[in-house]
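Every chain is numbered from 1, with letters handed out A, B, ... down the list of sequences.
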Amino acid sequence: MAIVFLAPRGTVDILPEDQPYWIHVYDVIRDVVRLFGYSRLDVPIFEETGLYVRGVGEGTDIVDKEMYSFVDKGGREITLRPEFTAGLVRAYIQHGMHTLPQPVKLYTTGPIFRYERVQAGRYRQHTQFDVEVLGSSDPAVDLEVMSVAWHLFSQLGFGGLAFQLNSTGCPRCRPAYIEALVHYYEGHQGEVCEDCRRRLVRNPLRLLDCKVDSCQPIINNAPHIMDYLCSECAEHLATLRGYLDGLGRAYTINHRLVRGLDYYTKTVFEVWAQGIGAQNAVCGGGRYDGLAQELGGQPTPGIGFGSGIERIVMLMKEQGIQVPGIPAPQVVLVYHGEACKARALQLLTELREQHVAATIGFDDRSLRAQLRNANRTGAPYALVLGEQELAAGEIVLQGMLADGTREALPLGGAARVVAARLGAGATCVK
RNA sequence: GUGGGCGUAGCCGAGUGGAUAAGGCAUCUGGUUGUGGCCCAGAAGACCGUGGGUUCAAAUCCCACCGCUCACCCCA
């Protein structure tokens with residue numbers, strides 16, 4: 001039989017065998033956000049296109065070539081969310097959250113859509129854990145947000161992650177830096193790659209990001225934004241670094257860290273991993289003190305990050321991190337003959353009402369086939385009901401983990417007895 | 001958008017011009033009219049990615065397209 005339909009390019013099915021990783025990541029996220037005092041706010045999967053054009057910025061790759069945009073039946077311009085921040089800031093403004101105690105600490109998880117060429121660790125639909133803190137420009141909030149990421153990765157058991165930190169300045173100091181950078185590169189036009197000549201006019205900050213060998217000496221001698229930060233931005237970074245050093249956090253100041261969204265101001269950071277392909281960022285974020293105002297709200301500083309769960313799961317596999325398995329049923333019902341099947345279905349319901357995780361085989365297969373499948377589930381017990389037992393008003397409880405000891409129980413009230421028997425038992429993990 | 005690699009059952013994979021396209025895993029059935037794991041036997045499952053070309057003969061050689069994958073760009 002030829003397979004007709006495949007998952008669309010850039011999308012993946014998260015199969016049952018992968019779910020333990022995902023469940024564990026979500027469990028850890030839940031613990032971390034509780035520990036840090038964050039509230040969940042879910043925003044729609046699609047928004048008005050203008051939100052992202054205004055928020056993320058024209059000229060960014062996301063807006064220029066990566067948005068899944070369409071016109072709905074009502075003629076509205078709609079875009080599948082390519083990031084979380086703009087939507088969450090929109091919700092903050094829409095619901096008057098400036099009236100809440102500030103800052104407001106929010107998180108969410110869910111799918112993100114970007115029309116990109118697929119490669120290892122990069123999908124057209126991926127899932128992010130997103131954190132945003134709105135309403136404070138205190139550098140301690142920068143520390144707080146970075147700490148959420150630190151704690152998450154530490155709780156997941158990762159080693160060898162590299163935290164990268166930089167400042168992108170602000171609208172007051174960044175133009176002077178860009179001007180200096182452009183001026184510097186204009187003197188080296190003949191030496192840099194073709195892409196860099198294009199970046200020079202389109203997006204000068206990205207010049208620092210070039211990986212072409214011949215451009216590296218030029219980058220190394222390029223002016224640093226650190227030397228151009230205004231006193232406010234310089235002080236903000238210095239204070240944050242003081243806090244980080246005080247906590248003994250290892251991080252690298254990366255002069256070349258520039259992020260692809262227009263709204264960033266001051267702090268930007270990423271977390272890098274090795275061994276998951278060329279797309280090595282498992283977390284990226286920064287401060288966006290001008291975004292709320294750009295979106296029509298009161299001036300409201302903010303900072304946040306997104307972290308890609310697909311990449312986190314890749315890294316867990318790469319690092320061999322163990323996660324809890326899927327619980328097996330506690331008991332599997334096995335029957336022989338139609339009368340027994342009908343009675344077994346009643347017992348199945350009774351067991352579930354007693355909170356016993358119970359399953360039954362279908363399609364009237366042979367006892368052997370039913371036991372074989374019961375064994376495969378990893379269930380510690382089977383309950384076998386055949387004509388003999390039914391006639392005697394009994395049912396056989398059979399242990400499945402060892403050599404299969406069998407014990408006859410009265411059929412009436414069997415659910416209660418089994419529930420009591422299993423109640424004290426360990427949770428069974430396949 | 002650009003470049004590299006790869007397309008043989010659900011999965012892995014042999015086959016490099018010659019007849020009905022190996023084998024393993026998984027699935028189903030049986031060996032035990034009512035008892036799982038191990039073992040054994042059998043069954044089912046493939047328009048060899050699609051289309052065209054070369055040839056007496058193509059899974060195999062050539063071309064195009066499609067798909068997957070990795071990398072560039074950029075990002076999570």
Side-chain angles (χ1 to χ4, degrees), chain A residues 1-12 15 17 56 60-66 82-85 109-130 149 193-196 198-199 202-203 205-206 209-212 257-261 268 270-273 276-285 304-315 332 334-337 340 361 363 365-391 396 398-406:
Chain A
M1 196 191 311
I3 294 174
V4 179
F5 295 112
L6 301 174
R9 169 172 288 198
T11 68
V12 290
L15 300 173
E17 67 217 48
V56 177
T60 62
D61 276 7
I62 288 180
V63 169
D64 285 356
K65 56 183 197 185
E66 295 177 0
E83 58 117 39
F84 267 122
T85 306
T109 63
I112 291 294
F113 304 87
R114 290 180 200 167
Y115 192 87
E116 301 183 90
R117 286 297 290 265
V118 175
Q119 67 184 87
R122 197 177 66 187
Y123 305 94
R124 289 182 175 178
Q125 174 180 335
H126 76 277
T127 313
Q128 280 189 17
F129 165 50
D130 187 85
C193 69
E194 194 178 323
D195 283 341
C196 279
R198 209 178 57 244
R199 291 186 183 105
R202 278 197 59 208
N203 197 344
L205 284 179
R206 294 239 84 80
D209 225 10
C210 186
K211 278 119 192 154
V212 174
L257 182 65
V258 288
R259 297 187 45 78
L261 289 69
V268 291
E270 291 187 358
V271 182
W272 293 353
I276 57 172
Q279 308 303 311
N280 65 344
V282 290
C283 175
F305 71 79
S307 190
I309 297 183
E310 284 81 0
R311 289 185 190 173
I312 287 175
V313 170
M314 282 174 81
L315 194 59
V332 176
V334 174
Y335 58 89
H336 186 262
C340 297
D363 298 310
R365 294 231 256 262
S366 70
L367 218 53
R368 172 192 213 188
Q370 292 184 60
L371 265 307
R372 185 150 43 202
N373 286 332
N375 187 61
R376 285 274 310 254
T377 66
Y381 290 101
L383 275 169
V384 183
L385 184 61
E387 281 94 350
Q388 289 172 20
E389 290 82 7
L390 188 60
V396 171
Q398 179 167 334
M400 298 296 284
L401 296 184
D403 54 358
T405 56
R406 301 177 198 170

Same-atom distance (P) from B:rG5 to B:rG10, integer angstrom:
28 Å

Of all heavy-atom pairs between A:Leu367 and A:Tyr335, which one has the smallest distance, and what is that distance?
CD1-O, 3.6 Å

Need one value for A:Glu389: base, sugar-phosphate or nothing, where a base atom within 4.0 Å counts as base even if backbone is also close, heavy atoms only.
base

Side chain to side chain contact (heavy atoms under 4.5 Å, CB included) involving A:Arg365 - partner list, sequence neighbours excluded:
A:Asp363, A:Ala369, A:Gln370, A:Asn373

Acceptor/donor pairs from residues 381-391 of chain A side chains to any protein atom, 3.5 angstrom cut, sequence neighbours excluded:
| residue | atom | partner | partner atom | Å |
| --- | --- | --- | --- | --- |
| A:Glu387 | OE1 | A:His336 | ND1 | 3.0 |
| A:Glu389 | OE1 | A:Gly386 | N | 2.9 |

If a protein heavy atom is under 4.0 Å from the base, mark B; if only from the sugar-phosphate, S; if neither, -; do that for nucleotides 67-72 of chain B going 5' to 3'.
SS-BSB

Side-chain N,O (A:Ser366) to OP1/OP2 (B:rG34) below 4.0 Å:
no

Between P of B:rA76 and CG of A:Leu257, the distance in whole Å:
10 Å

Using a cut-off of 4.0 Å on non-hydrogen atoms, how would the nucleic acid contact of A:Glu66 be classed: base, sugar-phosphate, or nothing?
sugar-phosphate

Opposite nucleotide pairing with B:rA41, Watson-Crick or G-U, both atom distances under 3.5 Å:
B:rU29

Using atom C1' of each nucleotide, how far apart are B:rA59 and B:rU20 to the nearest Å?
15 Å

A:Ala273: which residues meet the side chain to side chain contact (heavy atoms under 4.5 Å, CB included) condition with it, sequence neighbours left out?
A:Leu161, A:Ile276, A:Val282, A:Leu315

Write down the distance separating the P atoms in B:rC28 and B:rC75, rounded off to the nearest Å.
49 Å

Does A:Arg368 contact B:rG34 through a side-chain donor or acceptor facing the base, at a distance under 3.5 Å?
no

Just the rounded figure in Å: distance from C1' of B:rC25 to CD of A:Glu17.
14 Å

How many whole angstroms separate atom CG of A:Leu367 from atom C1' of B:rU35?
5 Å

Could you tell me how far B:rU27 sits from B:rA64 if I compare only their C1' atoms? Round to whole Å.
38 Å

OP1 or OP2 of B:rG37 less than 4.0 angstrom from a side-chain nitrogen or oxygen of A:Arg376, does that happen here?
no

State whether the distance check finds a donor on one side and an acceptor on the other, under 3.5 Å, for side chain A:Glu116 versus base B:rG1.
no

Report the distance from atom CG of A:Asn375 to atom C1' of B:rU35, rounded to the nearest whole Å.
11 Å

Applying a 3.5 Å limit to both distances, which nucleotide forms a Watson-Crick or G-U wobble pair with B:rG67?
B:rC6

Please tell me which of A:Lys65 and A:Val384 maps to the more 5' nucleotide of RNA chain B, matching each residue to the nucleotide holding its nearest heavy atom.
A:Val384

Phosphate-side-chain proximity, A:Arg114 and B:rA76, N/O vs OP1/OP2 below 4.0 Å
yes

B:rU35 base to A:Gln370 side chain: any donor-acceptor pair below 3.5 Å?
no

Base, sugar-phosphate alone, or nothing: which one does A:Ala369 contact when heavy atoms must sit under 4.0 Å apart?
sugar-phosphate

Rounded to whole angstrom units, what separation is found between the CZ atom of A:Arg259 and the P atom of B:rC75?
7 Å

Under a 3.5 Å distance rule, please check whether A:Arg114 uses its side chain to pair with a backbone N or O of A:Ile62 as donor and acceptor.
no

What distance, rounded to whole Å, do you find between the two C1' atoms, one in B:rA14 and one in B:rU32?
37 Å

A:Thr11 and A:Ala7: which non-hydrogen atoms are nearest, and at how many Å?
OG1-CB, 3.4 Å

Hey, does the side chain of A:Arg206 reach the backbone of A:Val258 with a donor-acceptor pair shorter than 3.5 angstrom?
yes

What integer distance in Å separates A:His126:NE2 from B:rC75:C1'?
8 Å

Pick the C1' atom in B:rU60 and in B:rA19, then give their distance to the nearest Å.
16 Å

With sequence neighbours excluded, tell me which residues meet side chain to side chain contact (heavy atoms under 4.5 Å, CB included) with A:Glu310.
A:Trp22, A:Tyr123, A:His126, A:Thr127

Would you mind reading off the distance between A:Arg124 atom CZ and B:rG1 atom C1', rounded to a whole angstrom?
12 Å

Separation of B:rU35 P from A:Arg406 CZ (nearest whole Å):
8 Å

Looking for any heavy atom pair under 4.0 Å, which part of the strands does A:Gly284 touch: base, sugar-phosphate only, or nothing?
sugar-phosphate

Just name whichever nucleotide pairs with B:rA19, Watson-Crick or G-U, keeping both distances under 3.5 Å, else none.
none

Suppose we define a pair by two distances each less than 3.5 Å, Watson-Crick or G-U wobble; what does B:rC48 pair with here?
none

Nearest heavy-atom contact between A:Gly121 and A:Met314 is CA-SD, 3.7 Å

Just to confirm, is there a sub-4.0 Å distance from OP1 or OP2 of B:rU29 to any side-chain nitrogen or oxygen of A:Arg365?
yes

So what does A:Gln398 hit on the nucleic acid, given a heavy-atom distance under 4.0 Å: a base, only sugar-phosphate, or nothing?
base

A:Arg372 side chain: which of B:rC28, B:rG37, B:rU35 is closest?
B:rG37

A:Arg124 meets the salt bridge (charged side-chain N to carboxylate O under 4.0 Å, His left out) criterion, sequence neighbours left out, with none

C1' gap between B:rA22 and B:rG15, integer Å
8 Å

Determine the interatomic distance between C1' on B:rC48 and the same-named atom on B:rG7; round to the nearest Å.
10 Å

With a 4.0 Å cut-off on heavy atoms, is A:Leu15 in touch with a base, just the backbone sugar-phosphate, or nothing at all?
nothing

How is A:Tyr123 classified with respect to the nucleic acid when contacts are heavy atoms under 4.0 Å: base, sugar-phosphate, or nothing?
base

Base-pairing mate for B:rU54 - Watson-Crick or G-U, with both contacts under 3.5 Å:
none

